[in-house]
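Report on the following structure.
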Amino acid sequence: MQELDQTVTIGATVPTGFEHTAAEEVQEKLEATARVSKNRGRIYFDITTDKLFKVHQLKSLDNLFVVVKDYDDYQFKTTKEEVQLDWQELATKLPWTNALEVWKLNNSIKKKKGRRKRTNPTKSDQCGNFSTKSTDTVPSDPEELLVDLEALEVKENQRDVSSQPEDDSEEEKHSEIQDQESGVTPLKFRVTCNRAGDKHCFTSNDAARDFGGAVQEFFQWKADMTKFDVEVLLNIHNNEVVVGIALTVESLHRRNITHFGPTTLRSTLAYGMLRLCKPQVSDVIVDPMCGTGAIPLEGVMEWQNSFFLAGDNNGTAVSRSVNNIKHIVKRTHDEGSPSGLPLDIVQWDLCNLPMRSSSVDIIITDMPFGKRMGSKKKNWELYPLCLREMARVCKPGTGKAVLLTQDKKCFLKALLQMEGLWRKSHTVWVNVGGLHAGVFVLKRTAVVFGTTSEDGVCSRCVCVHCCVCALWMG
């Protein structure tokens with residue numbers, strides 16, 4: 001097989017709103033410049049294939065794929081019949097060979113990382129599939145993914161000797177593939193189409209079906225929706241078209257969490273929030289509503305020279321966090337890393353934290369939205385008390401807070417009440433499970449806690465001070 005230290009384009013889905021944060025991580029860890037797609041939630045970057053393993057270790061990326069071909073201004077035909085013929089022609093002239101070689105290399109990397117049971121992917125943004133329905137379970141053995149792709153290898157000198165146009169050259173490769181694959185079980189595949197735009201004469205299902213049929217005819221692969229070896233991606237955003245091959249079966253955001261709660265935060269989103277904090281050595285970082293611990297777990301894995309303290313008023317949530325920490329400690333121990341993490345988990349009253357005033361550098365948390373947990377009515381009482389207690393423990397002048405919430409109206413009202421203690425730096429708008437939410441980056445003012453009117457608590461607040469936190473948990 002030819003050497004794979006070639007340059008390829010990798011595409012990745014990222015939490016919507018954190019595209020530039022993900023691009024910064026790619027630049028920092030791979031020394032590659034990432035391009036943010038016109039279609040929100042995607043970035044693209046070029047790497048040599050010897051860095052493919054490092055790509056899987058990036059914390060900002062959800063799903064990965066290798067780009068077969070991209071078109072910045074694809075001219076779609078005006079009728080469905082013409083578009084169908086166009087898909088058939090496109091499938092025969094795409095440069096599949098290098099992308100399939102990268103796909104094979106990626107499978108060997110996953111095999112080295114250990115045999116992991118393959119589960120059916122559930123993609124919320126999936127719009128259409130071309131496949132045959134199947135109730136079979138997905139194979140758990142990665143060996144099945146390595147179905148004789150030696151037949152897909154095309155030597156460099158075979159490309160140059162052809163006097164035919166590029167389209168004919170790809171056809172010749174295809175013929176060689178079929179000749180060499182005689183007697184070999186064909187690969188199973190599906191096509192997933194993600195489409196955005198209102199000027200198309202076709203639906204996502206139409207595109208997946210027609211392009212999938214063309215791919216099947218070209219490669220003689222077998223269509224299978226669940227037990228597929230290869231997932232071909234067709235991403236369409238207005239006139240931008242990107243054809244790719246998936247490199248991940250399930251999202252990388254599941255990497256650290258084994259015990260999930262009803263509102264567990266995606267690890268990739270948690271990591272993006274942490275990067276907004278810019279943690280420094282010896283910083284004390286607190287998550288006062290940690291839930292299952294997604295934020296502190298991401299933090300201790302990346303910023304091990306900072307100290308993380310997390311807690312929740314709900315005992316079940318604290319137990320889940322502890323179990324997730326045990327899982328990480330065991331995994332790092334098995335990999336030969338030193339045991340122990342700079343992280344403590346505590347069950348506490350959010351509005352009466354057992355911490356000294358002005359002792360925390362960064363506060364970062366996922367606040368209750370008032371939908372699946374608590375209610376928006378309770379948030380009107382909870383949010384001001386939260387911001388007040390956060391201001392007490394946060395260092396004046398240098399402290400920061402990064403807070404995620406979908407209840408924007410309530411939060412901004414509470415922030416206005418605490419304007420002497422907090423200043424809003426900026427807001428990153430994100431998509432959380434289909435909800436439009438905001439990540440609010442706050443800076444602690446230099447005002448010493450206890451010297452402003454915002455510090456006072458009325459008699460009514462005293463009455464609900466310790467119980468209001470329990471209310472939002474239901």
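Count residues from 1 along the sequence.
Within the 3.5 Å criterion, the main-chain N or O of D361 finds no donor-acceptor partner in the side chain of K400. Without hydrogens or angle criteria, D210 side chain to Q88 main chain gives no donor-acceptor distance under 3.5 Å. Using modelled atom types, no side-chain atom of T48 and backbone atom of T7 make a donor-acceptor pair closer than 3.5 Å. A donor-acceptor contact shorter than 3.5 Å links the side chain of R195 to the backbone of G197. Not a single donor-acceptor pair under 3.5 Å links the side chain of T192 to the backbone N or O of L234. In this structure a side-chain-to-backbone donor-acceptor pair under 3.5 Å is missing from D283 to P279. Under the 3.5 Å distance criterion, the side-chain polar atoms of S306 are matched with a main-chain donor or acceptor of Q280. The backbone N or O of G293 lies less than 3.5 Å from no partner atom in the side chain of N324, so there is not a single donor-acceptor pair. In this structure, E240 contributes its side chain and D72 its backbone to no donor-acceptor pair below 3.5 Å.
In summary, K59 and E25 do not engage in a salt bridge, as defined by a charged side-chain N under 4.0 Å from a carboxylate O. E302 has no carboxylate O lying under 4.0 Å from a charged side-chain N of K278, or vice versa, which leaves the two without a salt bridge. Salt-bridge check for R209 with D206: passed, with a basic side-chain N closer than 4.0 Å to an acidic carboxylate O. A salt bridge links R190 with E231: the distance from a Lys NZ or Arg NE/NH1/NH2 to an Asp or Glu carboxylate oxygen falls below 4.0 Å. The pair E31-K54 does not count as a salt bridge, with every side-chain nitrogen at least 4.0 angstrom from each carboxylate oxygen. The existence of a salt bridge linking D86 and K77 is confirmed by a sub-4.0 Å separation between a basic side-chain nitrogen and an acidic carboxylate oxygen.
Looking only at atom types and distance, the side chain of R331 has a donor-acceptor partner in the side chain of N256 under 3.5 Å away. With hydrogens and angles left out, the side-chain atoms of Q75 and D73 include a donor and acceptor closer than 3.5 Å. A donor and an acceptor atom, one from each side chain of H200 and N238, are nowhere located under 3.5 Å apart. Donor-acceptor pairing under 3.5 Å is lacking for the side chains of E24 and T21. Side-chain contact check for D62 and T268: at least one donor-acceptor pair (N or O, by modelled atom type) lies under 3.5 Å. Under 3.5 Å, the side chains of D407 and T405 contain no donor-acceptor pair of N or O atoms. A side-chain donor from one of T365 and D287 sits under 3.5 Å from a side-chain acceptor of the other. Between the side chains of T9 and D46, at least one donor-acceptor pair of N or O atoms lies under 3.5 Å.
With values rounded to the nearest 0.5 angstrom, L64 atom CG is found 8.0 Å from L58 atom CG. Note: L404 CG to L276 CG = 11.0 Å, rounded to the nearest 0.5 Å. Annotation: the span from E19 atom CD to T13 atom OG1 amounts to 10.5 Å, rounded to 0.5 Å. Between atom CG of residue N314 and atom CE of residue M289 there is a gap of 13.0 Å, rounded to the nearest 0.5 Å. Between the CG atom in D70 and the CG atom in N235 there is a gap of 11.0 Å [rounded to 0.5 Å]. A distance of 7.0 Å separates CG of L341 from CE of M301, quoted to the nearest 0.5 Å.
Annotation for G212 and F189: closest pair O-CZ, 3.5 Å, computed over non-hydrogen atoms. Between S321 and G291, the shortest heavy-atom distance links the atoms OG-O, 2.6 Å. Annotation for L309 and L343: closest pair N-CD1, 4.4 Å, computed over non-hydrogen atoms. Heavy atoms only, all atoms of each residue included: T427 and G438 are closest at CG2-CA, 4.3 Å. Annotation for A99 and V66: closest pair O-CG1, 3.8 Å, computed over non-hydrogen atoms. When all heavy atoms of L274 and G299 are compared, the closest pair comes out as CD1-N, 3.4 Å.
Residues I328 and L297 have side chains in contact (heavy-atom distance under 4.5 Å, counting atoms from C-beta outward). Proximity of L187 to K222: side-chain heavy atoms (C-beta onward) are nowhere separated by under 4.5 Å. Within the 4.5 Å cutoff, the side chain of F18 has no heavy atoms near those of the Y271 side chain. Between N323 and T258 the shortest side-chain heavy-atom distance does not fall below 4.5 Å. Side-chain atoms of V26 and T33, non-hydrogen and from C-beta on, never get closer than 4.5 Å to each other. Looking at heavy atoms from C-beta onward, C277 lies out of side-chain contact with I285 at the 4.5 angstrom threshold. Inter-residue side-chain proximity for Y44 and V36 is flagged as unmet; no heavy-atom pair is nearer than 4.5 Å. Within the 4.5 Å cutoff, side-chain heavy atoms of M367 are placed close to those of F411.
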Please walk me through it: do R275 and E298 pass salt bridge (charged side-chain N to carboxylate O under 4.0 Å, His left out)?
CA-CA 10 Å; R275 284 192 71 94; E298 285 300 309; over 6 Å; no
Intermediate values then yes/no, side chain to side chain contact (heavy atoms under 4.5 Å, CB included), Q84 and T79
CA-CA 9 Å; Q84 183 177 4; T79 66; over 6 Å; no
Is there a side-chain hydrogen bond (donor to acceptor under 3.5 Å, both in side chains) between T264 and T292? Walk through the geometry before answering.
CA-CA 6 Å; T264 297; T292 54; 3.2 Å; yes
For I109 and L52: C-alpha separation, side-chain torsions, deciding distance, then whether side chain to side chain contact (heavy atoms under 4.5 Å, CB included) applies.
CA-CA 8 Å; I109 290 173; L52 187 58; 3.9 Å; yes
When you look at M273 and L265, which way does the side chain to side chain contact (heavy atoms under 4.5 Å, CB included) test go after all the steps?
CA-CA 11 Å; M273 292 174 62; L265 190 67; 4.1 Å; yes
Take I325 and I345 through the test side chain to side chain contact (heavy atoms under 4.5 Å, CB included) and record every step on the way to the result.
CA-CA 9 Å; I325 292 171; I345 300 290; 3.2 Å; yes
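Other residues, nucleotides and ligands contribute only 12 or fewer heavy atoms inside 6.0 Å of the NZ atom of K443. Residue K408 qualifies as enclosed at atom NZ: its count of foreign heavy atoms under 6.0 Å is above 12. The environment of NE2 in H436 is crowded: more than 12 heavy-atom neighbours from other residues, nucleotides or ligands sit within 6.0 Å.
The distance between the ring centers of F308 and W303 does not fall below 6.0 angstrom.
Between F202 and W87, the ring planes lie perpendicular to each other; the angle is over 60°, past the 30° to 60° tilted range.
Under the ring-ring contact (aromatic ring centres under 6.0 Å, His included) criterion, W348 pairs with no residue, sequence neighbours left out.
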